[in-house]
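Quick notes on the structure that follows.
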Amino acid sequence: MAVSLEGPLSSVVAPKITSSTVVSTVAAVQIRSAQTDYTSSDHKQEWDAYWANGGHEYDQRGPSVALQELLEVHRWLLPRGRCLVAGCGSGYDALYLAKRGLPHVLGIDFCEPAIARAHKLVEAAGGASALAGKLSFAVENFITFKPLHRFTVAYEYGLFSAIAPSQRQQWADAYARLIVPQGSLIVVLFPLIHRGPSPPYQVSMAECEQYLKRYFVLLRVDPNCRCIEGQEGNELVSVWKRL
């Protein structure tokens, strides 16, 4: 059951999502971010190789189902303004958010092959001209990213689990620096179930809150968010407001 700490939720009941329905809705976002341990050149080479080889292992063939549920079923309203998708990977979530009418969406990722795939996605979707000026991608290190302007909304899927645990404070500091006061942050945590010693690392809501609570107020958390078949209980979506 979702817990909302501010404002009512829609009473719309969502049908069960399966892998086939995700395929038929829109097209896909990677489950984990390519943003990894920047202190380890081995990790960087691993992620570059992952994307250069197609990046298929964690590809859901659809934008984040948890994000779709939040915006379309629970009708969570995003503030109007610039949007950052951190660790955007293939770019599917960035494309999805751009199509929802935000003035501008920027997807960033540390790996060049991931950003190359994101550009190809937009071209294949026929949205290059329609979304001109509204959607862009850049190769950037999220931890050290310093744009000219801050963002009203930020979103991520799995970035928290993909970076080294030693970088989690820097992760929170970066969001505090990048998001305007009263701005929104949506974090989809994955994986919640143990996966081993290498990224993506197992994460929890308690760990996420530990780092964000200094800068953000938790508005909503849903430990039973919708996901593709086979991932039940392995994802959690939370929404935060910048102090």
Side-chain angles (χ1 to χ4, degrees), residues 26-64 67-68 81-100 102-164 167 170-171 174-175 177-179 185-188 190 198-200:
V26 207
V29 65
Q30 90 290 359
I31 278 210
R32 73 177 172 184
S33 162
Q35 203 84 24
T36 186
D37 184 355
Y38 307 123
T39 65
S40 168
S41 59
D42 290 340
H43 277 314
K44 178 65 169 63
Q45 292 172 359
E46 174 192 359
W47 287 113
D48 279 343
Y50 170 81
W51 289 109
N53 290 330
H56 298 302
E57 182 180 358
Y58 299 96
D59 195 343
Q60 287 191 4
R61 303 291 183 195
S64 166
L67 176 62
Q68 292 181 78
R82 289 165 46 84
C83 175
L84 173 69
V85 179
C88 67
S90 300
Y92 293 97
D93 283 348
L95 177 60
Y96 171 76
L97 289 168
K99 288 182 174 180
R100 292 195 65 83
L102 292 174
H104 183 262
V105 177
L106 171 65
I108 64 171
D109 203 290
F110 189 68
C111 291
E112 292 184 16
I115 295 301
R117 283 193 59 180
H119 284 298
K120 290 180 180 178
L121 167 72
V122 177
E123 293 174 4
S129 58
L131 295 173
K134 297 182 179 180
L135 174 63
S136 58
F137 296 98
V139 178
E140 293 284 355
N141 179 331
F142 170 73
I143 299 296
T144 58
F145 182 43
K146 295 181 180 179
L148 294 177
H149 305 285
R150 290 190 288 176
F151 298 87
T152 304
V153 185
Y155 164 82
E156 71 160 72
Y157 187 115
L159 178 57
F160 184 68
S161 64
I163 61 173
Q167 292 183 298
Q170 294 173 283
W171 169 86
Y175 275 126
R177 182 181 70 249
L178 292 169
I179 300 175
L185 170 62
I186 302 172
V187 177
V188 180
F190 165 90
S198 61

Item to complete: Mark yes or no for whether Arg177, through its side chain, and Lys146, through its backbone, hold a donor-acceptor pair below 3.5 Å.
Response: no
Fill in: Distance, nearest 0.5 Å, that separates CG of Leu135 from CG of Leu106
8.5 Å
Worksheet, complete the sentence: With sequence neighbours left out, the residues meeting ring pair (Phe, Tyr, Trp, His ring centres under 6.0 Å) with Phe160 are Trp171
Discussion item. Would the distance check show the side chain of Ser161 and the main-chain N or O of Phe190 forming a donor-acceptor pair, the cut-off being under 3.5 Å?
Written reply: yes
Worksheet item: How close do Ser64 and Val188 get, heavy atom to heavy atom, and via which atoms?
Response: OG-CG2, 4.3 Å
Worksheet item: Do Asp93 and Tyr155 get their side chains close enough for a donor-acceptor pair, meaning under 3.5 Å?
Response: yes
Fill in: Closest heavy-atom pair and its distance - Gly81, Pro103
O-CD, 3.4 Å
Worksheet item: Heavy atoms, side chains only, cut-off 4.5 Å: are Ile108 and Val139 in contact?
Response: no
Worksheet entry | CD-CD distance between Gln170 and Gln167, expressed to the nearest 0.5 angstrom | 5.5 Å
Practice prompt. Hey, could you give me the CD1/CG distance between Ile115 and Leu121, rounded to the nearest 0.5 Å?
Written response: 11.5 Å
Discussion item. Using ring pair (Phe, Tyr, Trp, His ring centres under 6.0 Å), reason through Tyr175 and Phe142 one step at a time and then give a plain yes or no.
Written reply: CA-CA 9 Å; Tyr175 275 126; Phe142 170 73; 4.6 Å; yes
Discussion item. If we ignore hydrogens and angles and just use 3.5 Å, is the side chain of Asp109 paired with the main-chain N or O of Gly89 as donor and acceptor?
Written reply: yes
Worksheet item: What distance separates Ile179 CD1 from Thr152 OG1, expressed to the nearest 0.5 Å?
Response: 9.5 Å
Item to complete: May I ask you to test the Phe137-Cys88 pair for a side-chain heavy-atom distance under 4.5 Å?
Response: yes
Item to complete: For the residue pair Leu178 and Pro147, establish whether any side-chain heavy-atom pair is separated by less than 4.5 Å.
Response: yes
Worksheet entry | Residues in ring pair (Phe, Tyr, Trp, His ring centres under 6.0 Å) contact with His149, at least two apart in sequence or another chain | none
Discussion item. Is there a side-chain contact between Val187 and Glu156 in this structure, where contact means two heavy atoms from C-beta onward sitting under 4.5 Å apart?
Written reply: yes
Fill in: Heavy-atom pair of closest approach, residues Ala125 and Leu95
CB-CD2, 4.1 Å
Worksheet item: Is the closest side-chain heavy-atom distance between Leu84 and Phe145 below 4.5 Å?
Response: yes
Discussion item. Quick check for you: to the nearest 0.5 Å, what is the distance between Phe110 atom CZ and Leu159 atom CG?
Written reply: 12.0 Å
Worksheet item: How far apart are the C-alpha atoms of Cys83 and His104, what are their side-chain angles, what is the distance that settles it, and do they pass the side chain to side chain contact (heavy atoms under 4.5 Å, CB included) test?
Response: CA-CA 6 Å; Cys83 175; His104 183 262; over 6 Å; no
Fill in: Any side-chain heavy-atom pair of Gln68 and Tyr96 under 4.5 Å
yes
Worksheet entry | Euclidean distance, Leu102 CG relative to Lys134 NZ, rounded to 0.5 Å | 10.0 Å
